[in-house]
2 protein chains.
Amino acid sequence: MARTPVWKSIAIALTDDIAQGRYETGGKLPAEAQLSARFGVNRHTVRRALAEMAEQGLVFPRRGAGVFVAAKPTDYPIGKRVRFHQNLTREGRNPAKQILTLETRIAAPREANALQLDPGAEVHVYDGLSLADGQPIALFQSIFPADRFPGILDALQEQHSVTAALQKLGVEDYTRIETRITAKLATAMQALHLKIAEGSPILRTTGVNADPQGQPVEFGRTWFAGDRVTLTVGRET
Amino acid sequence: MARTPVWKSIAIALTDDIAQGRYETGGKLPAEAQLSARFGVNRHTVRRALAEMAEQGLVFPRRGAGVFVAAKPTDYPIGKRVRFHQNLTREGRNPAKQILTLETRIAAPREANALQLDPGAEVHVYDGLSLADGQPIALFQSIFPADRFPGILDALQEQHSVTAALQKLGVEDYTRIETRITAKLATAMQALHLKIAEGSPILRTTGVNADPQGQPVEFGRTWFAGDRVTLTVGRET
DNA sequence: ATCACCTATACAACTAGACAAATGTTATCC
DNA sequence: GGATAACATTTGTCTAGTTGTATAGGTGAT
(Lines give C-alpha, C1' and ligand atoms only; values in the text may rest on other atoms or scores of the structure.)
Protein backbone atom coordinates (compact mmCIF):
# COMPACT_ATOMS: atom_id res chain seq x y z
CA MET A 1 0.00 0.00 0.00
CA ALA A 2 1.33 3.39 -0.95
CA ARG A 3 0.76 5.46 2.14
CA THR A 4 0.11 9.09 1.48
CA PRO A 5 3.09 11.23 2.50
CA VAL A 6 2.78 13.32 5.63
CA TRP A 7 3.15 16.56 3.72
CA LYS A 8 0.17 15.68 1.55
CA SER A 9 -2.07 15.09 4.53
CA ILE A 10 -0.94 18.40 5.93
CA ALA A 11 -1.81 20.12 2.67
CA ILE A 12 -5.22 18.49 2.75
CA ALA A 13 -5.78 19.50 6.34
CA LEU A 14 -4.83 23.09 5.67
CA THR A 15 -6.85 23.20 2.48
CA ASP A 16 -9.83 22.01 4.48
CA ASP A 17 -9.19 24.66 7.11
CA ILE A 18 -9.33 27.31 4.43
CA ALA A 19 -12.43 25.80 2.86
CA GLN A 20 -14.13 25.78 6.23
CA GLY A 21 -13.31 29.44 6.60
CA ARG A 22 -11.05 28.96 9.56
CA TYR A 23 -8.60 31.24 7.81
CA GLU A 24 -9.98 34.28 6.03
CA THR A 25 -9.13 35.01 2.43
CA GLY A 26 -6.33 37.52 2.40
CA GLY A 27 -5.54 36.58 5.97
CA LYS A 28 -2.31 35.17 7.27
CA LEU A 29 -1.73 31.54 8.08
CA PRO A 30 0.20 30.68 11.22
CA ALA A 31 3.94 30.84 10.71
CA GLU A 32 5.66 27.79 9.35
CA ALA A 33 7.31 27.26 12.71
CA GLN A 34 3.94 27.24 14.45
CA LEU A 35 2.41 24.92 11.90
CA SER A 36 5.32 22.52 12.21
CA ALA A 37 4.73 22.48 15.96
CA ARG A 38 1.00 21.94 15.49
CA PHE A 39 1.50 18.98 13.15
CA GLY A 40 4.50 17.71 15.01
CA VAL A 41 6.78 17.65 11.98
CA ASN A 42 9.82 19.47 10.69
CA ARG A 43 9.40 22.91 9.22
CA HIS A 44 10.48 21.63 5.80
CA THR A 45 7.65 19.16 5.74
CA VAL A 46 5.18 21.96 6.31
CA ARG A 47 6.91 23.94 3.58
CA ARG A 48 6.44 21.04 1.21
CA ALA A 49 2.72 21.16 1.91
CA LEU A 50 2.55 24.92 1.53
CA ALA A 51 4.49 24.73 -1.72
CA GLU A 52 1.85 22.38 -3.09
CA MET A 53 -0.92 24.73 -2.04
CA ALA A 54 0.87 27.72 -3.50
CA GLU A 55 1.25 25.87 -6.78
CA GLN A 56 -2.51 25.42 -6.86
CA GLY A 57 -2.94 29.13 -6.22
CA LEU A 58 -4.59 28.55 -2.90
CA VAL A 59 -2.08 30.49 -0.85
CA PHE A 60 0.80 32.82 -1.59
CA PRO A 61 3.87 33.35 0.57
CA ARG A 62 5.55 36.69 1.23
CA ARG A 63 9.09 36.51 2.46
CA GLY A 64 9.45 38.03 5.85
CA ALA A 65 5.72 38.49 6.24
CA GLY A 66 3.98 35.14 6.18
CA VAL A 67 1.79 32.87 4.08
CA PHE A 68 -1.51 34.34 3.00
CA VAL A 69 -4.75 32.86 1.76
CA ALA A 70 -5.27 33.80 -1.88
CA ALA A 71 -8.50 35.31 -3.07
CA LYS A 72 -10.54 33.89 -5.91
CA PRO A 73 -9.58 35.18 -9.33
CA THR A 74 -11.28 38.43 -10.15
CA ASP A 75 -13.42 38.65 -13.24
CA TYR A 76 -12.45 41.81 -15.06
CA PRO A 77 -14.67 42.78 -17.97
CA ILE A 78 -13.03 44.49 -20.93
CA GLY A 79 -15.50 46.29 -23.11
CA LYS A 80 -16.46 49.67 -24.40
CA ARG A 81 -16.49 51.16 -20.94
CA VAL A 82 -13.57 50.03 -18.83
CA ARG A 83 -13.97 51.42 -15.33
CA PHE A 84 -11.85 50.00 -12.58
CA HIS A 85 -13.99 51.02 -9.64
CA GLN A 86 -17.24 49.97 -11.28
CA ASN A 87 -15.84 46.65 -12.40
CA LEU A 88 -14.81 45.67 -8.91
CA THR A 89 -17.58 47.08 -6.80
CA ARG A 90 -20.05 45.24 -9.02
CA GLU A 91 -18.40 42.02 -7.90
CA GLY A 92 -18.66 43.03 -4.31
CA ARG A 93 -15.00 43.66 -3.94
CA ASN A 94 -13.28 46.66 -2.47
CA PRO A 95 -11.22 48.54 -5.07
CA ALA A 96 -8.28 50.76 -4.26
CA LYS A 97 -5.56 52.46 -6.21
CA GLN A 98 -2.09 53.36 -5.16
CA ILE A 99 0.01 55.98 -6.87
CA LEU A 100 3.53 54.88 -7.70
CA THR A 101 4.74 57.83 -9.71
CA LEU A 102 3.29 60.91 -11.38
CA GLU A 103 5.46 62.56 -13.96
CA THR A 104 5.55 64.62 -17.10
CA ARG A 105 7.74 63.73 -20.04
CA ILE A 106 8.03 63.69 -23.80
CA ALA A 107 5.76 61.14 -25.42
CA ALA A 108 7.38 58.06 -26.92
CA PRO A 109 6.55 57.58 -30.60
CA ARG A 110 4.19 54.72 -29.79
CA GLU A 111 2.35 56.88 -27.28
CA ALA A 112 2.20 60.00 -29.41
CA ASN A 113 0.77 57.91 -32.19
CA ALA A 114 -1.93 56.40 -30.02
CA LEU A 115 -2.99 59.78 -28.68
CA GLN A 116 -2.72 61.43 -32.10
CA LEU A 117 -0.11 63.89 -30.87
CA ASP A 118 2.81 65.44 -32.69
CA PRO A 119 6.14 63.73 -32.02
CA GLY A 120 7.83 65.44 -29.12
CA ALA A 121 4.61 66.52 -27.44
CA GLU A 122 4.46 66.34 -23.66
CA VAL A 123 2.36 63.84 -21.79
CA HIS A 124 1.40 63.32 -18.16
CA VAL A 125 2.08 59.81 -16.93
CA TYR A 126 0.33 58.11 -14.04
CA ASP A 127 1.95 54.91 -12.81
CA GLY A 128 -0.01 53.02 -10.22
CA LEU A 129 -1.11 49.83 -8.63
CA SER A 130 -4.68 48.52 -8.51
CA LEU A 131 -5.83 46.52 -5.54
CA ALA A 132 -8.91 44.49 -4.76
CA ASP A 133 -9.58 43.92 -1.08
CA GLY A 134 -6.06 45.08 -0.40
CA GLN A 135 -4.51 42.55 -2.71
CA PRO A 136 -2.59 43.78 -5.74
CA ILE A 137 -4.39 43.04 -8.96
CA ALA A 138 -2.63 44.98 -11.64
CA LEU A 139 -0.01 47.55 -12.47
CA PHE A 140 -1.10 50.27 -14.83
CA GLN A 141 0.24 53.26 -16.68
CA SER A 142 -2.12 55.95 -17.88
CA ILE A 143 -0.87 58.54 -20.31
CA PHE A 144 -2.66 61.82 -21.00
CA PRO A 145 -1.91 64.61 -23.45
CA ALA A 146 -0.34 67.39 -21.37
CA ASP A 147 -1.60 70.32 -23.38
CA ARG A 148 -5.23 69.27 -23.15
CA PHE A 149 -5.18 68.24 -19.46
CA PRO A 150 -2.56 70.45 -17.80
CA GLY A 151 -3.89 69.95 -14.29
CA ILE A 152 -4.66 66.25 -14.41
CA LEU A 153 -1.83 65.17 -12.16
CA ASP A 154 -3.23 67.26 -9.33
CA ALA A 155 -6.70 65.88 -9.99
CA LEU A 156 -5.37 62.35 -9.91
CA GLN A 157 -3.56 62.97 -6.68
CA GLU A 158 -6.75 64.11 -5.01
CA GLN A 159 -8.97 61.35 -6.24
CA HIS A 160 -7.15 58.35 -7.57
CA SER A 161 -9.81 57.58 -10.14
CA VAL A 162 -9.12 58.31 -13.78
CA THR A 163 -12.81 58.66 -14.48
CA ALA A 164 -13.25 61.26 -11.74
CA ALA A 165 -10.16 63.18 -12.76
CA LEU A 166 -11.23 63.36 -16.38
CA GLN A 167 -14.72 64.40 -15.33
CA LYS A 168 -13.27 67.24 -13.31
CA LEU A 169 -11.48 68.40 -16.44
CA GLY A 170 -14.61 68.40 -18.55
CA VAL A 171 -14.72 64.89 -20.00
CA GLU A 172 -18.10 63.56 -18.88
CA ASP A 173 -17.76 60.29 -20.69
CA TYR A 174 -15.22 58.25 -22.57
CA THR A 175 -15.17 54.90 -24.28
CA ARG A 176 -12.54 52.36 -25.12
CA ILE A 177 -11.64 52.40 -28.82
CA GLU A 178 -9.56 49.28 -28.81
CA THR A 179 -7.92 46.88 -26.43
CA ARG A 180 -4.98 44.62 -27.18
CA ILE A 181 -4.13 41.71 -24.96
CA THR A 182 -0.89 39.77 -24.84
CA ALA A 183 0.80 37.45 -22.38
CA LYS A 184 4.08 38.29 -20.74
CA LEU A 185 6.24 37.08 -17.92
CA ALA A 186 6.62 39.22 -14.83
CA THR A 187 9.83 41.19 -14.52
CA ALA A 188 11.46 41.47 -11.14
CA MET A 189 9.91 44.88 -10.52
CA GLN A 190 6.45 43.84 -11.60
CA ALA A 191 6.65 40.72 -9.49
CA LEU A 192 7.61 42.85 -6.55
CA HIS A 193 4.59 45.09 -6.84
CA LEU A 194 2.10 42.39 -7.63
CA LYS A 195 3.50 40.14 -4.92
CA ILE A 196 3.98 37.29 -7.31
CA ALA A 197 7.02 35.29 -8.28
CA GLU A 198 9.38 36.59 -10.91
CA GLY A 199 8.48 34.93 -14.19
CA SER A 200 4.83 34.44 -13.28
CA PRO A 201 2.35 34.96 -16.11
CA ILE A 202 1.12 38.47 -16.75
CA LEU A 203 -1.79 39.65 -18.85
CA ARG A 204 -0.80 42.85 -20.56
CA THR A 205 -3.45 45.03 -22.11
CA THR A 206 -3.06 48.27 -23.97
CA GLY A 207 -5.93 50.48 -24.92
CA VAL A 208 -6.98 53.92 -25.95
CA ASN A 209 -9.92 55.79 -24.47
CA ALA A 210 -11.58 58.56 -26.41
CA ASP A 211 -14.18 61.21 -25.61
CA PRO A 212 -17.61 61.19 -27.32
CA GLN A 213 -16.13 63.28 -30.16
CA GLY A 214 -13.64 60.52 -30.87
CA GLN A 215 -10.66 62.45 -29.59
CA PRO A 216 -8.21 60.23 -27.67
CA VAL A 217 -7.97 61.25 -24.04
CA GLU A 218 -6.00 58.42 -22.49
CA PHE A 219 -3.54 55.79 -23.56
CA GLY A 220 -3.35 53.05 -20.98
CA ARG A 221 -1.26 50.00 -20.34
CA THR A 222 -2.17 47.47 -17.69
CA TRP A 223 -0.32 44.44 -16.38
CA PHE A 224 -2.68 42.04 -14.64
CA ALA A 225 -1.44 39.31 -12.31
CA GLY A 226 -2.48 36.31 -14.37
CA ASP A 227 -3.18 34.15 -11.34
CA ARG A 228 -5.58 36.58 -9.82
CA VAL A 229 -7.47 38.01 -12.75
CA THR A 230 -9.59 36.61 -15.52
CA LEU A 231 -10.35 39.02 -18.33
CA THR A 232 -13.80 38.73 -19.84
CA VAL A 233 -14.75 40.16 -23.19
CA GLY A 234 -18.11 40.63 -24.81
CA ARG A 235 -20.37 40.95 -21.79
CA GLU A 236 -21.32 44.52 -22.54
CA THR A 237 -23.52 46.29 -20.05
CA MET B 1 20.82 30.25 -8.78
CA ALA B 2 21.74 33.35 -6.92
CA ARG B 3 18.92 35.72 -7.67
CA THR B 4 19.71 39.37 -7.22
CA PRO B 5 18.26 40.61 -3.95
CA VAL B 6 15.39 43.05 -4.11
CA TRP B 7 17.35 45.83 -2.50
CA LYS B 8 19.91 45.62 -5.25
CA SER B 9 17.32 46.04 -7.98
CA ILE B 10 16.00 49.04 -6.11
CA ALA B 11 19.46 50.55 -5.91
CA ILE B 12 19.85 50.03 -9.63
CA ALA B 13 16.46 51.57 -10.37
CA LEU B 14 17.21 54.63 -8.27
CA THR B 15 20.69 54.99 -9.70
CA ASP B 16 19.16 54.90 -13.13
CA ASP B 17 16.61 57.53 -12.14
CA ILE B 18 19.43 59.79 -11.06
CA ALA B 19 21.40 59.08 -14.21
CA GLN B 20 18.34 59.93 -16.31
CA GLY B 21 18.08 63.22 -14.52
CA ARG B 22 14.77 62.48 -12.82
CA TYR B 23 16.29 63.68 -9.58
CA GLU B 24 18.46 66.77 -9.75
CA THR B 25 21.96 66.99 -8.39
CA GLY B 26 21.75 68.32 -4.88
CA GLY B 27 18.04 67.67 -4.87
CA LYS B 28 16.12 65.55 -2.43
CA LEU B 29 14.98 62.03 -3.10
CA PRO B 30 11.49 61.01 -1.97
CA ALA B 31 11.38 60.03 1.68
CA GLU B 32 12.22 56.45 2.52
CA ALA B 33 8.58 55.85 3.38
CA GLN B 34 7.47 57.06 -0.04
CA LEU B 35 10.10 55.03 -1.81
CA SER B 36 9.11 51.92 0.10
CA ALA B 37 5.54 52.52 -1.07
CA ARG B 38 6.65 53.06 -4.64
CA PHE B 39 8.67 49.86 -4.73
CA GLY B 40 6.23 47.92 -2.62
CA VAL B 41 8.73 46.84 -0.01
CA ASN B 42 9.53 47.51 3.59
CA ARG B 43 11.34 50.67 4.52
CA HIS B 44 14.37 48.72 5.67
CA THR B 45 14.80 47.22 2.25
CA VAL B 46 14.88 50.69 0.72
CA ARG B 47 17.37 51.72 3.36
CA ARG B 48 19.59 48.85 2.34
CA ALA B 49 19.52 50.12 -1.23
CA LEU B 50 20.19 53.71 -0.18
CA ALA B 51 23.05 52.54 2.01
CA GLU B 52 24.65 50.94 -1.01
CA MET B 53 24.22 54.10 -3.04
CA ALA B 54 25.61 56.22 -0.22
CA GLU B 55 28.62 53.93 -0.05
CA GLN B 56 29.27 54.63 -3.70
CA GLY B 57 28.99 58.32 -3.04
CA LEU B 58 25.92 58.72 -5.20
CA VAL B 59 23.68 60.07 -2.47
CA PHE B 60 24.10 61.31 1.07
CA PRO B 61 21.48 61.21 3.81
CA ARG B 62 20.81 63.94 6.33
CA ARG B 63 18.93 62.87 9.40
CA GLY B 64 15.67 64.71 9.71
CA ALA B 65 16.00 66.26 6.29
CA GLY B 66 16.13 63.57 3.64
CA VAL B 67 18.39 61.82 1.21
CA PHE B 68 20.12 64.05 -1.31
CA VAL B 69 21.70 63.38 -4.67
CA ALA B 70 25.44 63.89 -4.48
CA ALA B 71 26.40 63.82 -8.12
CA LYS B 72 25.11 62.80 -11.48
CA PRO B 73 27.12 60.41 -13.59
CA THR B 74 29.71 62.51 -15.27
CA ASP B 75 29.06 63.74 -18.75
CA TYR B 76 32.27 63.13 -20.61
CA PRO B 77 32.45 64.77 -24.01
CA ILE B 78 34.33 62.92 -26.72
CA GLY B 79 35.29 65.19 -29.56
CA LYS B 80 38.23 66.63 -31.40
CA ARG B 81 39.81 67.83 -28.19
CA VAL B 82 39.59 65.33 -25.38
CA ARG B 83 41.06 66.88 -22.26
CA PHE B 84 40.40 65.16 -18.97
CA HIS B 85 41.00 68.14 -16.70
CA GLN B 86 39.03 70.52 -18.88
CA ASN B 87 36.13 68.14 -19.27
CA LEU B 88 35.65 67.78 -15.56
CA THR B 89 36.41 71.25 -14.30
CA ARG B 90 33.86 72.56 -16.76
CA GLU B 91 31.23 70.51 -14.92
CA GLY B 92 32.37 71.85 -11.61
CA ARG B 93 33.98 68.63 -10.55
CA ASN B 94 37.42 68.13 -9.11
CA PRO B 95 39.62 66.04 -11.39
CA ALA B 96 42.60 64.01 -10.23
CA LYS B 97 44.84 61.38 -11.73
CA GLN B 98 46.69 58.58 -10.07
CA ILE B 99 49.68 56.88 -11.62
CA LEU B 100 49.52 53.11 -11.59
CA THR B 101 52.59 52.25 -13.65
CA LEU B 102 55.08 54.02 -15.90
CA GLU B 103 57.12 51.79 -18.14
CA THR B 104 58.96 51.51 -21.40
CA ARG B 105 58.55 48.56 -23.69
CA ILE B 106 58.39 47.37 -27.29
CA ALA B 107 55.20 48.49 -29.01
CA ALA B 108 52.61 45.83 -29.75
CA PRO B 109 51.68 45.61 -33.44
CA ARG B 110 48.33 47.29 -32.78
CA GLU B 111 50.04 50.16 -30.98
CA ALA B 112 52.85 50.60 -33.48
CA ASN B 113 50.29 50.74 -36.24
CA ALA B 114 48.22 53.40 -34.50
CA LEU B 115 51.28 55.55 -33.83
CA GLN B 116 52.75 54.93 -37.30
CA LEU B 117 55.90 53.41 -35.85
CA ASP B 118 58.11 50.67 -37.20
CA PRO B 119 57.46 47.27 -35.67
CA GLY B 120 59.71 46.79 -32.70
CA ALA B 121 59.96 50.47 -31.86
CA GLU B 122 59.94 51.44 -28.20
CA VAL B 123 57.04 53.18 -26.49
CA HIS B 124 56.50 54.80 -23.11
CA VAL B 125 53.37 53.58 -21.37
CA TYR B 126 51.41 55.47 -18.75
CA ASP B 127 48.83 53.42 -16.84
CA GLY B 128 46.65 55.39 -14.51
CA LEU B 129 43.36 56.01 -12.81
CA SER B 130 41.17 59.06 -13.31
CA LEU B 131 39.09 60.39 -10.45
CA ALA B 132 36.36 62.97 -10.11
CA ASP B 133 35.84 64.36 -6.63
CA GLY B 134 37.89 61.49 -5.32
CA GLN B 135 35.70 58.89 -6.98
CA PRO B 136 37.29 56.64 -9.59
CA ILE B 137 35.92 57.36 -13.04
CA ALA B 138 38.12 55.52 -15.48
CA LEU B 139 41.24 53.49 -16.04
CA PHE B 140 43.44 54.63 -18.88
CA GLN B 141 46.56 53.69 -20.73
CA SER B 142 48.45 56.31 -22.71
CA ILE B 143 51.15 55.21 -25.11
CA PHE B 144 53.78 57.57 -26.55
CA PRO B 145 56.53 57.00 -29.12
CA ALA B 146 59.74 56.71 -27.09
CA ASP B 147 62.10 58.14 -29.65
CA ARG B 148 60.13 61.34 -30.07
CA PHE B 149 59.38 61.93 -26.37
CA PRO B 150 62.29 60.41 -24.45
CA GLY B 151 61.63 62.35 -21.26
CA ILE B 152 57.87 62.10 -21.12
CA LEU B 153 57.71 59.69 -18.21
CA ASP B 154 59.51 62.18 -15.98
CA ALA B 155 57.22 64.95 -17.20
CA LEU B 156 54.16 62.83 -16.45
CA GLN B 157 55.43 62.03 -12.99
CA GLU B 158 55.78 65.72 -12.17
CA GLN B 159 52.43 66.82 -13.50
CA HIS B 160 49.95 64.03 -14.06
CA SER B 161 48.37 65.73 -17.05
CA VAL B 162 49.04 64.40 -20.51
CA THR B 163 48.36 67.80 -22.02
CA ALA B 164 50.90 69.51 -19.77
CA ALA B 165 53.52 66.86 -20.33
CA LEU B 166 53.21 67.05 -24.10
CA GLN B 167 53.32 70.82 -23.96
CA LYS B 168 56.56 70.66 -22.01
CA LEU B 169 57.99 68.55 -24.80
CA GLY B 170 57.01 70.98 -27.51
CA VAL B 171 53.52 69.88 -28.53
CA GLU B 172 51.40 72.98 -28.00
CA ASP B 173 48.25 71.38 -29.31
CA TYR B 174 46.89 68.03 -30.34
CA THR B 175 43.58 66.75 -31.59
CA ARG B 176 41.79 63.44 -31.58
CA ILE B 177 41.86 61.72 -34.94
CA GLU B 178 39.41 59.00 -34.14
CA THR B 179 37.66 57.42 -31.18
CA ARG B 180 36.21 53.94 -30.98
CA ILE B 181 33.76 52.99 -28.30
CA THR B 182 32.72 49.52 -27.24
CA ALA B 183 31.02 47.95 -24.24
CA LYS B 184 32.76 45.46 -21.99
CA LEU B 185 32.29 43.84 -18.64
CA ALA B 186 34.65 44.73 -15.84
CA THR B 187 37.38 42.25 -15.07
CA ALA B 188 38.28 41.62 -11.46
CA MET B 189 41.26 43.95 -11.68
CA GLN B 190 39.31 46.76 -13.29
CA ALA B 191 36.47 46.35 -10.82
CA LEU B 192 38.95 46.66 -7.99
CA HIS B 193 40.43 49.92 -9.24
CA LEU B 194 37.12 51.47 -10.23
CA LYS B 195 35.43 50.28 -7.05
CA ILE B 196 32.60 48.63 -8.90
CA ALA B 197 31.34 45.08 -8.93
CA GLU B 198 33.03 42.53 -11.12
CA GLY B 199 31.00 42.19 -14.28
CA SER B 200 29.68 45.75 -14.17
CA PRO B 201 29.39 47.50 -17.51
CA ILE B 202 32.48 49.25 -18.84
CA LEU B 203 32.75 51.76 -21.65
CA ARG B 204 36.01 51.18 -23.46
CA THR B 205 37.31 53.84 -25.78
CA THR B 206 40.43 53.81 -27.88
CA GLY B 207 41.74 56.84 -29.67
CA VAL B 208 44.71 58.42 -31.33
CA ASN B 209 45.82 62.00 -30.76
CA ALA B 210 47.94 63.78 -33.33
CA ASP B 211 49.81 67.07 -33.41
CA PRO B 212 48.78 69.86 -35.81
CA GLN B 213 51.01 68.34 -38.48
CA GLY B 214 49.03 65.14 -38.32
CA GLN B 215 51.77 63.15 -36.66
CA PRO B 216 50.39 60.75 -34.02
CA VAL B 217 51.63 61.65 -30.55
CA GLU B 218 49.55 59.43 -28.30
CA PHE B 219 47.59 56.23 -28.50
CA GLY B 220 45.14 55.98 -25.63
CA ARG B 221 42.79 53.42 -24.21
CA THR B 222 40.28 54.28 -21.53
CA TRP B 223 37.91 52.11 -19.49
CA PHE B 224 35.08 54.16 -18.04
CA ALA B 225 32.85 52.92 -15.22
CA GLY B 226 29.59 52.69 -17.14
CA ASP B 227 27.47 53.48 -14.12
CA ARG B 228 29.23 56.72 -13.42
CA VAL B 229 29.96 58.14 -16.83
CA THR B 230 27.91 59.10 -19.82
CA LEU B 231 29.90 59.72 -22.97
CA THR B 232 28.62 62.49 -25.18
CA VAL B 233 29.60 62.83 -28.79
CA GLY B 234 29.06 65.68 -31.16
CA ARG B 235 28.69 68.58 -28.78
CA GLU B 236 31.87 70.32 -29.84
CA THR B 237 32.87 73.40 -27.97
C1' DA C 1 21.46 0.20 -4.05
C1' DT C 2 18.40 3.76 -4.97
C1' DC C 3 15.05 7.08 -4.27
C1' DA C 4 11.37 9.62 -2.05
C1' DC C 5 10.51 11.27 2.38
C1' DC C 6 11.69 13.44 6.47
C1' DT C 7 14.78 15.61 10.14
C1' DA C 8 18.20 18.99 11.69
C1' DT C 9 20.82 23.20 11.49
C1' DA C 10 22.36 27.56 9.88
C1' DC C 11 22.21 31.66 7.55
C1' DA C 12 20.35 35.18 4.19
C1' DA C 13 16.64 38.24 2.90
C1' DC C 14 12.76 40.67 4.10
C1' DT C 15 8.91 42.33 7.08
C1' DA C 16 7.03 44.62 11.16
C1' DG C 17 6.92 47.84 14.66
C1' DA C 18 8.74 50.98 17.95
C1' DC C 19 11.38 54.70 19.51
C1' DA C 20 15.28 58.14 19.35
C1' DA C 21 17.46 62.07 17.11
C1' DA C 22 17.76 65.71 13.85
C1' DT C 23 15.43 68.85 10.96
C1' DG C 24 11.85 71.83 8.90
C1' DT C 25 7.43 74.19 9.45
C1' DT C 26 3.93 76.56 11.74
C1' DA C 27 1.62 78.71 15.46
C1' DT C 28 2.04 81.65 19.47
C1' DC C 29 3.48 85.11 22.42
C1' DC C 30 5.51 89.43 23.71
C1' DG D 1 9.04 91.41 14.05
C1' DG D 2 11.51 88.26 16.24
C1' DA D 3 12.16 84.74 19.50
C1' DT D 4 10.14 80.64 21.23
C1' DA D 5 7.40 76.65 21.57
C1' DA D 6 4.84 73.03 19.52
C1' DC D 7 4.26 69.92 15.95
C1' DA D 8 5.12 67.12 11.88
C1' DT D 9 8.45 64.93 9.03
C1' DT D 10 12.46 62.35 8.21
C1' DT D 11 16.50 59.47 9.01
C1' DG D 12 18.97 56.30 12.51
C1' DT D 13 18.79 52.35 15.44
C1' DC D 14 17.07 48.45 17.72
C1' DT D 15 14.47 44.09 18.57
C1' DA D 16 11.79 40.39 16.94
C1' DG D 17 9.70 37.48 13.71
C1' DT D 18 9.02 35.17 9.00
C1' DT D 19 10.08 33.00 4.62
C1' DG D 20 13.90 31.35 1.28
C1' DT D 21 17.85 28.56 0.53
C1' DA D 22 21.68 25.57 1.27
C1' DT D 23 23.89 21.66 3.41
C1' DA D 24 24.04 17.27 5.73
C1' DG D 25 22.17 13.19 7.20
C1' DG D 26 18.80 9.41 8.51
C1' DT D 27 14.93 5.97 7.34
C1' DG D 28 12.12 2.82 4.89
C1' DA D 29 10.05 0.85 0.76
C1' DT D 30 10.91 -1.20 -3.73
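Labels below follow one simple rule: chain letters A, B, ... track the order of the sequence lines, proteins then strands, and each chain is numbered from 1. Only this structure's heavy atoms are used, side chains among them; waters, hydrogens and symmetry mates stay out.
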Over-ring placement of Arg228(A) relative to Phe60(A), 6.0 Å and 45° cut-offs: yes
Taking the six-membered ring of Phe140(B), is NZ or CZ of Lys97(B) closer than 6.0 Å to its centre and within 45° of its axis? yes
Figure out the CD1/C1' separation between Ile10(A) and dT7(C), and round it to whole Å. 13 Å
Ranking dA8(C), dC5(C), dG12(D) by distance to the side chain of Arg43(B), first place goes to dG12(D)
Side-chain N,O (Arg47(B)) to OP1/OP2 (dG12(D)) below 4.0 Å: yes
Would you kindly check whether a donor in the side chain of His44(A) faces an acceptor in the base of dG20(D), or vice versa, at under 3.5 angstrom? no
Would you verify whether the NZ or CZ of Arg81(A) falls within 45 degrees of the ring axis of Tyr174(A) while also being under 6.0 Å from that six-membered ring's centre? no
For Thr205(A) and Phe224(A), what are the C-alpha separation, side-chain angles and deciding distance, and is it a side chain to side chain contact (heavy atoms under 4.5 Å, CB included)? CA-CA 8 Å; Thr205(A) 72; Phe224(A) 291 94; 3.9 Å; yes
Whole Å only: how far is the CD atom of Glu32(B) from the C1' atom of dT23(C)? 14 Å
Atom CD of Gln34(A) to atom C1' of dT18(D): distance rounded to whole Å? 10 Å
Taking the side chain of Val6(A) as its heavy atoms from C-beta onward, which of dA8(C), dC6(C), dC14(C) lies nearest to it? dC6(C)
Looking at Trp7(B), I'd like to know whether one of its side-chain N or O atoms comes within less than 4.0 Å of OP1 or OP2 on dA13(C). no
Can you find a donor-acceptor N/O pair under 3.5 angstrom joining the side chain of Arg62(B) to the base of dG12(D)? no
Can you measure Phe68(B) atom CZ to dT10(D) atom P for me and round it to whole angstrom units? 11 Å
Determine, stepwise, if the pair Leu50(A) / Glu32(A) fulfils side chain to side chain contact (heavy atoms under 4.5 Å, CB included). CA-CA 9 Å; Leu50(A) 290 173; Glu32(A) 290 171 357; 3.8 Å; yes
Could you state the CG-P distance from Leu50(B) to dT13(D), rounded to the nearest angstrom? 14 Å
How long is the line joining NZ of Lys28(A) and C1' of dG17(D), in whole Å? 8 Å
Nearest-nucleotide pick for Ala31(B), side chain only, options being dT11(D), dT19(D), dT7(C): dT11(D)
To the nearest Å, give me how far apart CZ (Arg63(B)) and C1' (dG24(C)) are. 15 Å
Does Thr45(A) make a side-chain N or O approach to OP1 or OP2 of dT7(C) shorter than 4.0 Å? yes
Once you round it to whole Å, what is the distance between C1' of dG12(D) and CZ of Arg48(B)? 16 Å
